[in-house]
Protein chains: 2
Amino acid sequence: MSTRREAVRQALTGSSGFRSAQDLYADLRAEGSKIGLTTVYRALQALSDSGEVDVLRTDDGEAVYRACDTESHHHHIVCRVCATAVEIEGPTVEKWAAEMGAQHGFRDVTHTVEVFGTCANCSR
Amino acid sequence: MSTRREAVRQALTGSSGFRSAQDLYADLRAEGSKIGLTTVYRALQALSDSGEVDVLRTDDGEAVYRACDTESHHHHIVCRVCATAVEIEGPTVEKWAAEMGAQHGFRDVTHTVEVFGTCANCSR
DNA sequence: CCATTTTTGACAACCATTTTCGTTTTCGCG
DNA sequence: CGCGAAAACGAAAATGGTTGTCAAAAATGG
Ligand SMILES: [Zn+2]
Ligand SMILES: [Zn+2]
Ligand SMILES: [Zn+2]
Ligand SMILES: [Zn+2]
């Protein structure tokens with residue numbers, strides 16, 4: 001793990017919710033780093049490949065990344081206002097997805113689940 | 001509904017699984033239509049706004065569209081080889097998502113769920 | 001018909017991401 | 001150390017899906 005890559009990891013870990021590559025690049029530059037945008041992309045690619053960070057696409061196609069507290073399979077409920085994310089475990093939904101797959105003759109079933117809402121703070 | 005827009009709708013309805021705007025454009029041109037790419041995008045935008053088609057982003061950021069048999073809320077299980085999609089109803093997952101939201105104090109809870117697998121055909 | 005509005009499509013602009021490539025840093029080993 | 005290979009880096013250019021622009025074409029309706 002190079003110094004640059006570690007910096008990207010920390011920038012991501014130190015923020016809550018999803019951040020885009022451009023966001024993280026701006027953050028790092030703002031705090032004085034001379035890192036290049038290309039390197040931010042490479043670091044995020046590596047972190048994503050190794051499963052250390054979660055990546056998904058926003059509705060407008062931008063890739064956003066998130067460092068989770070645990071590396072085991074789980075999901076999130078995300079506030080659509082402040083983007084705060086709570087990690088949730090879901091035996092129910094895991095079982096449901098597996099059953100759906102079996103029922104329709106699909107093998108190696110995986111799934112993506114995202115839950116959105118307005119958090120207690122933001123709905124006040 | 002203009003003729004062009006209707007043509008896009010039919011091109012989408014007539015194919016199974018998710019199709020990109022560029023795919024549909026190529027199809028329409030191949031069958032002799034003089035439609036422009038811009039119009040395809042505009043038609044898909046309109047169809048998506050009206051809830052007639054489903055849109056999601058692939059892992060590489062491309063928007064893909066699908067005409068569903070029903071307009072009510074449902075999910076899909078998609079073959080990762082041939083992209084065939086089966087529509088599934090899930091009271092279980094609907095309830096689960098709502099409960100998760102309530103449990104953490106979130107309001108107006110929505111969710112996105114996609115299930116992937118290898119279909120019976122493709123796993124032979 | 002004519003005036004007004006809507007739709008269309010060629011082309012340019014956009015912008016996140018990837019590629020390229022020459023430079024810099026790191027690493028292994030004598 | 002010293003030195004050569006290998007990896008990491010960053011600036012700039014290229015890529016590619018999508019959106020904006022704008023003048024022409026088509027529908028509308030009086
Ligand atoms: Zn919030
Ligand atoms: Zn799960
Ligand atoms: Zn299949
Ligand atoms: Zn649902």
Side-chain angles (χ1 to χ4, degrees), chain A residues 1-13 15 17-67 78 83 112 114, chain B residues 1-13 15 17-67 78 80 83 85 112 114:
Chain A
M1 178 72 57
S2 73
T3 306
R4 293 296 200 213
R5 196 152 294 182
E6 184 58 29
V8 172
R9 186 225 293 276
Q10 293 197 2
L12 186 54
T13 307
S15 41
F18 287 101
R19 312 298 309 282
S20 73
Q22 315 263 354
D23 283 347
L24 294 169
Y25 171 68
D27 288 356
L28 289 164
R29 298 292 289 205
E31 62 187 41
S33 169
K34 296 293 182 235
I35 198 171
L37 183 54
T38 310
T39 303
V40 175
Y41 275 105
R42 277 191 289 239
L44 289 171
Q45 184 76 55
L47 289 167
S48 152
D49 284 350
S50 76
E52 289 175 82
V53 311
D54 220 22
V55 51
L56 62 82
R57 293 274 173 172
T58 63
D59 286 344
D60 60 335
E62 195 177 20
V64 286
Y65 304 82
R66 172 177 53 196
V78 183
T112 65
E114 292 288 330
Chain B
M1 176 73 55
S2 73
T3 307
R4 299 258 109 128
R5 197 152 293 181
E6 185 58 32
V8 172
R9 186 225 293 276
Q10 293 197 2
L12 185 55
T13 307
S15 41
F18 288 99
R19 314 295 310 283
S20 73
Q22 317 261 351
D23 283 349
L24 294 169
Y25 172 68
D27 287 357
L28 289 164
R29 298 293 289 207
E31 62 188 41
S33 169
K34 296 293 181 234
I35 197 171
L37 183 53
T38 310
T39 303
V40 175
Y41 275 105
R42 275 192 290 239
L44 289 171
Q45 183 76 55
L47 289 168
S48 153
D49 285 349
S50 76
E52 288 175 82
V53 311
D54 220 22
V55 51
L56 61 84
R57 293 274 173 173
T58 64
D59 285 345
D60 60 333
E62 196 177 21
V64 286
Y65 304 81
R66 179 168 194 281
V78 183
R80 64 169 66 85
T112 66
E114 292 289 328

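In what follows, every heavy atom counts, from backbone to side chain, and hydrogens, waters and symmetry copies are set aside. Convention: sequence-line order gives letters A, B, ...; per-chain numbering from 1.
Here the OH-CG distance, from A:Y65 to A:L44, works out to 5.0 Å after rounding to the nearest 0.5 Å.
Shown here is A:D59, whose CG atom has no more than 12 heavy atoms of other residues, nucleotides or ligands within 6.0 Å.
Side-chain contact between A:T39 and A:R42 is present, with at least one heavy-atom pair separated by less than 4.5 Å.
Near DNA chain C, meaning a heavy atom under 4.0 Å away, the residues from residues 28-36 of chain B are B:K34, B:I35, B:G36.
Mapping heavy-atom proximity under 4.0 Å, the span of DNA chain C touched by chain A runs 5' to 3' from C:dA16 to C:dT19.
Of all nucleotides present, only C:dC1 satisfies the Watson-Crick or G-U wobble test against D:dG30, with each distance under 3.5 Å.
Of all heavy-atom pairs spanning B:A7 and B:L28, the tightest one is O-CD2, 4.0 Å. When all heavy atoms of A:I35 and A:Y25 are compared, the pair lying nearest together is O-CE1, 3.4 Å. Of all heavy-atom pairs between B:A63 and B:V55, the closest is CB-CG2, 4.4 Å.
A salt bridge links A:D54 with A:R66: the closest approach of a Lys/Arg side-chain nitrogen to an acidic carboxylate oxygen falls below 4.0 angstrom.
A donor-acceptor pair shorter than 3.5 Å can be found between the side chains of A:S50 and A:E52. A donor-acceptor pair shorter than 3.5 Å can be found between the side chains of B:Q22 and B:Y41.
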* Contact pattern, 5' to 3', of nucleotides 15-29 of chain D - B, S or - by protein heavy atom under 4.0 Å -> --SBBB---------
* Walk me through it: do B:F18 and B:V78 pass the test side chain to side chain contact (heavy atoms under 4.5 Å, CB included)? => CA-CA 9 Å; B:F18 288 99; B:V78 183; 4.0 Å; yes
